[in-house]
Amino acid sequence: MKQLWPTIILCIVATCSYGQSLEIGYSPNSSTVWATTPDVSHFTMGVNFYETGVFTAYVRYVRLTFQKTYWDETGQIIADTHDALFFIPLKFRYENGRFELFQRSGLGRFFEHFPTVRGMKTHFILEAGAKFRISNHTYITLVYSHISNGYRSRLNPGVDNFVPSFVVSF
């Protein structure tokens, strides 16, 4: 039940606020474009409360789940599910009709050290993606997402995912 609280809180905030959009996405497996961690699924749900120019008030819940068990160089197990909340204040975009290219970045905090106790709780997120408008209030996106601690601890595997998402605007 402890794992569900961030999702429940984000759903309540999304339905009680006058936000701009709700985004839900899932990637079944990670890639190793920039980061080095394979076999991690990525579930994401975010609420964009406000957006103007390059500034945005975007809150994102992320759940990373290791599909296999790994060990770091000290023998600690890298596995299980890790939950985090990210605040994404910056978004750069280029719009052309129904199509939009964007880049967004922010900071987040895992509820426990990621991926082991040798990792950190605070991480950054960098994303680049494309959004296609289906109708006035619905969009589909494909987002490259990179989560890392920026080599600020002894353990920094980083996670890369290509996350397809569905977006509903209010």
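Taking the side chain as every heavy atom from C-beta outward, V167 and I140 never approach each other to under 4.5 Å. Counting only heavy atoms from C-beta outward, the side chains of F124 and S105 never approach each other to under 4.5 Å. Residues K121 and N149 are not in side-chain contact: their nearest non-hydrogen atoms beyond the backbone lie 4.5 Å or more apart. Between I24 and F166 the shortest side-chain heavy-atom distance does not fall below 4.5 Å. T81 has its side chain within reach of R63: a pair of non-hydrogen atoms, C-beta onward, lies under 4.5 Å apart. With a 4.5 Å cut-off on side-chain heavy atoms, E100 and Y94 do not count as touching. A heavy-atom distance below 4.5 Å is found between the side chains of F114 and L64. Contact annotation: the side chain of F110 never approaches that of T122 to less than 4.5 Å [non-hydrogen atoms, C-beta and beyond].
Residues H123 and F86 share a closest heavy-atom pair of O-CE2, 3.8 Å. Residues Y139 and S169 share a closest heavy-atom pair of CE1-OG, 4.0 Å. Residues P164 and L142 approach most closely at N-CD1, 3.9 Å, considering heavy atoms. Heavy atoms only, all atoms of each residue included: L101 and A130 are closest at CD2-CB, 3.9 Å.
Here the CD1-CG distance, from I147 to D160, works out to 9.0 Å after rounding to the nearest 0.5 Å. Note that CG of L22 and NE2 of H137 are 14.5 Å apart. Values are rounded to the nearest 0.5 Å. Taking CD from E112 and CG from D83, the interatomic distance works out to 7.5 Å, rounded to the nearest 0.5 Å. The structure places CZ of F49 at 10.5 Å from OH of Y58, a figure rounded to the nearest 0.5 Å.
Heavy-atom contacts from other residues, nucleotides or ligands closer than 6.0 Å to CZ of F55 number 12 or fewer.
Under a hydrophobic clustering in which Ile, Leu, Val, Met, Phe, Trp and Tyr are joined whenever their side-chain heavy atoms come within less than 4.5 Å, directly or via other members, V168 and I134 fall into the same cluster.
Aromatic pair F162/Y144: ring centres closer than 6.0 Å. Two rings, from H82 and F111, have their centers 6.0 Å or more apart.
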Would you please test T44 and R60 for side-chain hydrogen bond (donor to acceptor under 3.5 Å, both in side chains) and show each step?
CA-CA 7 Å; T44 184; R60 158 101 42 95; 2.9 Å; yes
### Task
Any chance you could lay out the ring pair (Phe, Tyr, Trp, His ring centres under 6.0 Å) test for H42 and Y26, step after step, and finish with the verdict?
CA-CA 6 Å; H42 180 134; Y26 178 75; 8.7 Å; no
Worksheet item: Under the side-chain hydrogen bond (donor to acceptor under 3.5 Å, both in side chains) criterion, do S41 and N29 qualify, and how do the steps go?
Response: CA-CA 5 Å; S41 69; N29 209 348; over 6 Å; no
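By the side chain to side chain donor-acceptor pair (under 3.5 Å) test, R133 is found to be paired with no residue, residues two or more places apart in sequence or in another chain being considered.
Side-chain atoms of S30 come within 3.5 Å of backbone N or O of V40 as a donor-acceptor pair.
For E127 and K91, the salt-bridge test fails: no basic side-chain N is under 4.0 Å from an acidic carboxylate O.
For the salt bridge (Lys or Arg N to Asp or Glu O under 4.0 Å) condition, the pairs that include at least one residue of residues 20-43, sequence neighbours left out, are E23-R104, D39-K68.
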